[in-house]
Amino acid sequence: MGPQNVAFGVIAASMVLAAVRVVTTRNVVHAALYLVVVLGGVAGLYVLLAAEFVAWAQVLIYIGAILVLLLFGIMLTRAPLHASSELDNDQRWAAAIVSLGLVGLLVGLLADTFGRQRVRPAQVFGGGELADSIFNDFLVPFEVVSMLLLAALIGAVVLARRDD
Amino acid sequence: MLLNQYLILAAVLFCIGVYGVLARRHAVLVLMSVELMLNAVNVNLVAFSVHLREISGQVFALFVITVAAAEVGVGLAIVLLIYRNMASPYLDRVDSMKG
């Protein structure tokens, strides 16, 4: 068992625990803070896979921007900042059955399909290679995504402003 | 490292996200569960990108991150509107179109 596997085990265990706490905790702010652990763990997985640019984008965009937006959402909707039992609806058991069935199905299929295939991070894909690929092969999707971001920006402003 | 390590971890994270979307009634918590699911998909994309020595998986992961940012922006604006009109952030109160 190499050091990479040990690092993977530590990251994976903390991510799964934190993710379970995100969906079960009774405190909204704690859920956001547990989400930081999950998102940071995903960035750690990208580092283990030698995808350094995606790891930095994950830290900057998810932990830096999206999480702050979510915290703003919590504060602006005056969510209860103490523990509250009103955060879940009454279909918790049905939801647990659905997700456990889905995880059993997916794990069975994956173990059957990919068996013991190995993944070897041979080269580090840095910003240069990614930029080459984006601006040669994926130029049109890139422009579409930038239009999407602009539309989302304008849409969010139009939706959230008061007309008085 | 096995490819399945990453794929199974991503599957577990995705299913935790599914549970969150189904079982939570606060709108911001549902958005957080959607983020969990999007992250699981991104782990899959990057793992396959490294496995197949093909960079386009990482480009797709970047696109998914961008779309997630746009989704959270618009989603939170909608949540604010719901809160302003219904005076409640709970999704099961939004039932005025129920037959």
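Labels below follow one simple rule: chain letters A, B, ... track the order of the sequence lines, proteins then strands, and each chain is numbered from 1. Note that this is a predicted model, so its numbers are computed, not measured.
Judged purely by atom type and a 3.5 angstrom limit, B/Asn4 uses its side chain to pair as donor or acceptor with the backbone of A/Gly115. Counting only distance, with no hydrogens or angles, the side chain of A/Thr113 and the backbone of A/Leu109 share a donor-acceptor pair below 3.5 Å. Checked by atom type and distance alone, the side chain of B/Arg24 never pairs as donor or acceptor with a backbone atom of B/Tyr19 at under 3.5 Å.
Taking 4.5 Å as the limit, some side-chain heavy atom of A/Leu45 sits within range of a side-chain heavy atom of A/Met15.
The contact between B/Leu3 and chain A is made by backbone and side chain atoms together, counting heavy-atom distances below 4.5 Å. For B/Ala87, no part lies near chain A; criterion is any non-hydrogen pair under 4.5 Å. In this structure, chain A has heavy atoms under 4.5 Å from both the backbone and the side chain of B/Tyr6. The parts of B/Ala11 that come within reach of chain A are both its backbone and its side chain, each placing non-hydrogen atoms under 4.5 angstrom from that chain. Contacts of B/Ala10 with chain A are absent, with no heavy-atom separation under 4.5 Å from either backbone or side chain. Contact of B/Leu13 with chain A is made through the side chain alone, with heavy-atom distances under 4.5 Å. Heavy atoms of B/Ile8 lying under 4.5 Å from chain A belong to its backbone as well as its side chain. Proximity to chain A (any heavy atom under 4.5 Å) is restricted, for B/Leu29, to the side chain, taken from C-beta onward. Both the backbone and the side chain of B/Ile16 come within less than 4.5 Å of a heavy atom in chain A. B/Ser88 does not touch chain A: none of its heavy atoms, backbone or side chain, sits under 4.5 Å away.
Summarising the local packing, CZ of A/Phe53 is surrounded by 12 or fewer heavy atoms from other residues, nucleotides or ligands at distances under 6.0 Å.
Between chain A and the residues B/Ile78, B/Leu91, B/Asn42, the largest count of heavy-atom pairs under 4.5 Å involves B/Asn42. Options B/Val79, B/Val18, B/Leu52, B/Thr66 differ in how many heavy-atom pairs under 4.5 Å they form with chain A, and the most are formed by B/Thr66. Per-residue heavy-atom pair counts under 4.5 Å with chain A were compared for B/Leu80, B/Asp92, B/Val67, B/Ile55, and the maximum is reached by B/Ile55. Highest contact tally toward chain A, considering only B/His26, B/Glu71, B/Gln5, is held by B/Gln5 [criterion: heavy-atom pairs under 4.5 Å].
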